[in-house]
There are 2 protein chains.
Amino acid sequence: MSGLRLNAAITVDLVVLTVRGDQLQVLLVRRGAAPFKGRWALPGGFVEEREDLATAAARELREETGVAPGGAHLEQLATYGAPGRDPRGRVVSTAYLAFLPDMPQPVAGSDAAAASWVEVEALLGASPTRLAFDHTQILRDGVERARSKLEYTSLAAAFCRPEFTVAELRRIYEAVWGTPLDPRNFHRKVTSAERFIEPVGATTRRVGGRPAQLFRVGGATLLTPPLLRPDRG
Amino acid sequence: MSGLRLNAAITVDLVVLTVRGDQLQVLLVRRGAAPFKGRWALPGGFVEEREDLATAAARELREETGVAPGGAHLEQLATYGAPGRDPRGRVVSTAYLAFLPDMPQPVAGSDAAAASWVEVEALLGASPTRLAFDHTQILRDGVERARSKLEYTSLAAAFCRPEFTVAELRRIYEAVWGTPLDPRNFHRKVTSAERFIEPVGATTRRVGGRPAQLFRVGGATLLTPPLLRPDRG
DNA sequence: AGCTTATTCGTCATCTTGACGATAAGGCGA
DNA sequence: TCGCCTTATCGTCAAGATGACGAATAAGCT
């Protein structure tokens, strides 16, 4: 290996976001071993020999959620390598960000003893639950990335089932941004945007209220002009 | 060290961009040793023991350009860890993106035998010069990040000297985006944006044409609504 | 003084947004 | 069956932003 000094352990951590019950939630696991034993943490693990970073992230995602690669949006978030972030030594972790639709079934296929969805607000709000390592910061960065990408991409649909209504899509924006949106203006914006969403033809049947048209994602990946969040001084 | 297996070598690579002569240019070094000996590459190097990733990037930037930390915009770009990207073994590299004003003095303080500014167009255009490792892809990602951030942040000013004219700022946009902009509409946009740039009071003296007002950056870091590039499908 | 050059100010039609009224289309109870 | 309730969808209107372009301004140069 011509004198290459391996100077770090490389891991991946996952920020898996979903919207359930109009709340933005993140998948956490409870650590079973030191360090930070018993503390909530982002799922993750070591990158295997000859394994790409993205592949490792997809593998971890499948192990924790049962979601097959390609079944969810998965993108690299950032890499964290502060010297003291892991008491065991030099651990450099590349975080990945995943968007999942609300799974009807519970978190399946998880090998971790305790994995569960936790409200993001409870972790980043006024009196936050402390996470292991620097995972609070990683989560903060992931949520900010998600909020920002909703503005100018069609990624909100990654939180939805393949067919969805405009109102469902709107509730994704409202949950991720933590802000109510005007249903009429939102409807106008997303239906008039070129190839953003396209009607399926069918409608929902529902308990109360007018049936809604079903849509699926259009080909467009970018939303121009963007849909800017309110406020944000 | 409780059984922590160091499974990778961690490095940082730098995408240092500047605008010189109305062209977007990137700082490259010529490799003096195998692998890819003699090939152009992004500057970079191994992360030292107990050194943060961002610190390592700032150190490399200073070693290559003489620019002190804080003297340039520096942000993490992405991390590249494909198994075969370095023939010497498992090398995971975190790329950082830096924006520099056009330095009047040549690239100073460089320890590399040959470091020089190269037109980005010559590297990413129709018949690109091949770079070492996966550096062409890293450069592509860095340039796309730069193009995108000009749209909604005030980072274009990071390419300028502390005091600059509206036209200088416009030429930054034109060089990075590779697209001409209407001087009158650009002027209206940047001068009317809240706290984006603020007048210094002085004006330039120049060989031909009306003297221009000098500006410095305002407090705003975000540009709302954004300044979208033309075209872009 | 006129010419050249680059900056800055105006105008106007078009597009987009935010606020909000009005209508449509189902279920449900009386 | 008839209103009523709820949610979805369509319209309107003023304010703001944009793209295209004309015009005025303020220097240096010949």
> Between G208(A) and T191(A), which is nearer to the 5' end of DNA chain D once each is assigned its nearest nucleotide?
Replying inline: G208(A)
>> In this structure, is the centre-to-centre distance between the rings of F186(A) and Y173(A) below 6.0 Å?
In response: yes
> Given dA17(D), is OP1 or OP2 found less than 4.0 Å from the side-chain N or O atoms of K189(B)?
Replying inline: no
What is the distance, rounded to the nearest whole Å, between atom [atom1] of [X] and atom [atom2] of [N]?
X       : N       : atom1 : atom2 : result
L214(A) : dG26(C) : CG    : P     : 14 Å
H187(A) : dA25(C) : NE2   : P     : 13 Å
F186(B) : dG10(C) : CZ    : C1'   : 19 Å
E194(B) : dA17(D) : CD    : P     : 10 Å
F164(B) : dA6(C)  : CZ    : P     : 20 Å
L223(B) : dT18(D) : CG    : C1'   : 13 Å
R210(B) : dA6(C)  : CZ    : P     : 14 Å
Q213(B) : dA26(D) : CD    : C1'   : 13 Å

> In residues 171-185 of chain A, which ones come under 4.0 Å of DNA chain C, going by heavy atoms?
Replying inline: D182(A), R184(A), N185(A)
>> Let's see if you can work this out: which of dA17(D), dT12(D), dT16(C) has an atom nearest to the side-chain heavy atoms of R188(A)?
In response: dT12(D)
> Do you know which two heavy atoms are closest between F133(A) and R85(A), and how far apart they sit?
Replying inline: CD2-O, 3.4 Å
>> Apply salt bridge (charged side-chain N to carboxylate O under 4.0 Å, His left out) to residues E168(A) and R161(A) and explain how you reach the verdict.
In response: CA-CA 10 Å; E168(A) 283 166 7; R161(A) 247 70 55 77; over 6 Å; no
>> Could you work out, with side chain to side chain contact (heavy atoms under 4.5 Å, CB included) as the rule, every residue matching R39(B), not counting sequence neighbours?
In response: F36(B), R130(B), A132(B)
> Hey, are the side chains of T136(A) and L123(A) touching, using non-hydrogen atoms and a 4.5 Å cut-off?
Replying inline: no
> Do you know which of V120(A), L100(A), V176(A) makes side chain to side chain contact (heavy atoms under 4.5 Å, CB included) with L17(A)?
Replying inline: V120(A)
> Can we say R229(A) and E144(A) salt-bridge, meaning some charged N sits less than 4.0 Å from an Asp/Glu carboxylate O?
Replying inline: yes
